[in-house]
Amino acid sequence: MNDLSFSGFLVRVVLSLILVLLTFNPSGYSYVHMVADGFPSMTPVEAVLGLLLLIGWIVFLGATLRSIGFLGMVLALALCAALIWMIASWGWVSLQNTNALIWVGLVVLALIMAIGMAWAHLYRRWTGQTTVDEVNEGP
């Protein structure tokens with residue numbers, strides 16, 4: 001249970017990707033599109049789905065912020081932006097193809113959240129050091 005396997009990391013990637021793509025994707029089939037189609041009214045199903053997505057975002061982003069911190073997220077985003085720039089400079093994706101760039105950006109966001117969810121395991125494996133959450137005990 002304490003070790004992170006490759007399949008355990010892949011589960012985090014898949015769950016992050018599901019959360020990101022259910023929230024928004026350029027295909028037109030996402031929560032954002034569902035709500036936008038009926039705006040300004042909202043159905044109970046849309047409210048429940050929205051709250052479930054919000055809970056997922058709070059869990060994933062909260063864990064990512066606690067594990068790699070704001071600076072780590074900024075650095076990860078900067079690295080991913082540089083990688084996208086490099087891929088575009090190689091001609092693999094066109095900067096004029098906004099849909100392709102949005103898909104790449106959504107996958108990058110999911111990968112960053114998956115890394116954040118697995119960071120304590122990865123850090124322990126790479127350095128041999130264990131991270132510990134601070135616990136505030138009473139006086």
Side-chain angles (χ1 to χ4, degrees):
M1 244 348 181
N2 289 334
D3 289 336
L4 178 69
S5 65
F6 183 71
S7 61
F9 179 71
L10 282 182
V11 167
R12 287 166 173 82
V13 170
V14 168
L15 291 175
S16 297
L17 202 53
I18 288 171
L19 177 64
V20 169
L21 296 180
L22 282 179
T23 304
F24 175 78
N25 66 69
S27 73
Y29 298 102
S30 70
Y31 179 75
V32 169
H33 292 97
M34 180 193 319
V35 172
D37 288 344
F39 190 79
S41 65
M42 181 175 272
T43 67
V45 171
E46 291 170 341
V48 169
L49 292 175
L51 289 170
L52 288 172
L53 287 172
L54 180 62
I55 290 167
W57 279 101
I58 289 170
V59 168
F60 274 73
L61 284 178
T64 301
L65 276 171
R66 275 191 306 280
S67 64
I68 64 176
F70 180 74
L71 181 60
M73 284 184 71
V74 169
L75 288 172
L77 285 170
L79 175 63
C80 291
L83 287 171
I84 293 168
W85 180 20
M86 183 177 70
I87 290 168
S89 73
W90 289 346
W92 292 2
V93 68
S94 169
L95 292 178
Q96 283 71 38
N97 188 349
T98 55
N99 272 347
L101 291 175
I102 290 171
W103 281 107
V104 169
L106 293 172
V107 170
V108 163
L109 177 60
L111 286 173
I112 290 170
M113 288 196 309
I115 290 168
M117 293 289 287
W119 185 252
H121 295 285
L122 296 172
Y123 185 81
R124 184 178 62 238
R125 183 172 291 161
W126 294 337
T127 66
Q129 299 175 355
T130 302
T131 58
V132 183
D133 287 334
E134 290 185 26
V135 177
N136 293 329
E137 294 187 19

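- Side-chain contact between His33 and Phe24 is present, with heavy atoms from C-beta onward closer than 4.5 Å.
- Listed here is the closest heavy atom pair of Glu46 and Met34: OE2-O, 3.3 Å.
- Of the inter-residue distances, the one linking Leu17 atom CG with Leu10 atom CG reads 11.5 Å to the nearest 0.5 angstrom.
- When all heavy atoms are compared, the tightest approach of Leu77 to Ile112 is CD2-CD1, 3.4 Å.
- In terms of hydrophobic clustering, with Ile, Leu, Val, Met, Phe, Trp and Tyr side chains grouped at heavy-atom distances under 4.5 Å, Leu52 and Val14 are assigned to different clusters.
- The distance from atom OH of Tyr31 to atom CG of Leu54, rounded to the nearest 0.5 Å, is 9.5 Å.
- Linking ILVMFWY side-chain heavy atoms closer than 4.5 Å, directly or via other members, places Leu111 and Trp85 in two distinct hydrophobic clusters.
- Hydrophobic clustering, with ILVMFWY side chains joined whenever heavy atoms are under 4.5 angstrom apart, keeps Val35 apart from Leu51.
- Using a 4.5 Å heavy-atom threshold, the side chains of Met117 and Leu15 count as separate.
- Rounding to the nearest 0.5 angstrom, the gap separating the CD atom in Gln96 from the CG atom in Leu101 is 8.5 Å.
- Note that OG1 of Thr23 is 10.5 Å distant from CG of Leu49, once rounded to the nearest 0.5 Å.
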### Task
Kindly determine whether Trp103 and Leu21 satisfy side chain to side chain contact (heavy atoms under 4.5 Å, CB included), including the steps that lead there.
CA-CA 9 Å; Trp103 281 107; Leu21 296 180; 3.7 Å; yes

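- Ser16 and Ala114 get closest at one heavy-atom pair: OG-N, 3.5 Å.
- Follow the hydrophobic side-chain contacts under 4.5 Å out from Val74 and you reach Ile115 in the same cluster.
- Within a 6.0 Å sphere centred on CH2 of Trp57, heavy atoms belonging to other residues, nucleotides or ligands number more than 12.
- Put simply, CG on Leu75 and CG on Leu79 are 8.5 Å apart, with the number rounded to the nearest 0.5 Å.
- Distance CG/Leu95 to OG/Ser89: 9.0 Å, rounded to 0.5 Å.
- By the rule that hydrophobic residues join a cluster once side-chain heavy atoms approach within less than 4.5 Å of another member, Val93 and Trp90 end up as members of one cluster.
- Between Pro26 and Leu106 there is a side-chain heavy-atom pair separated by less than 4.5 Å.
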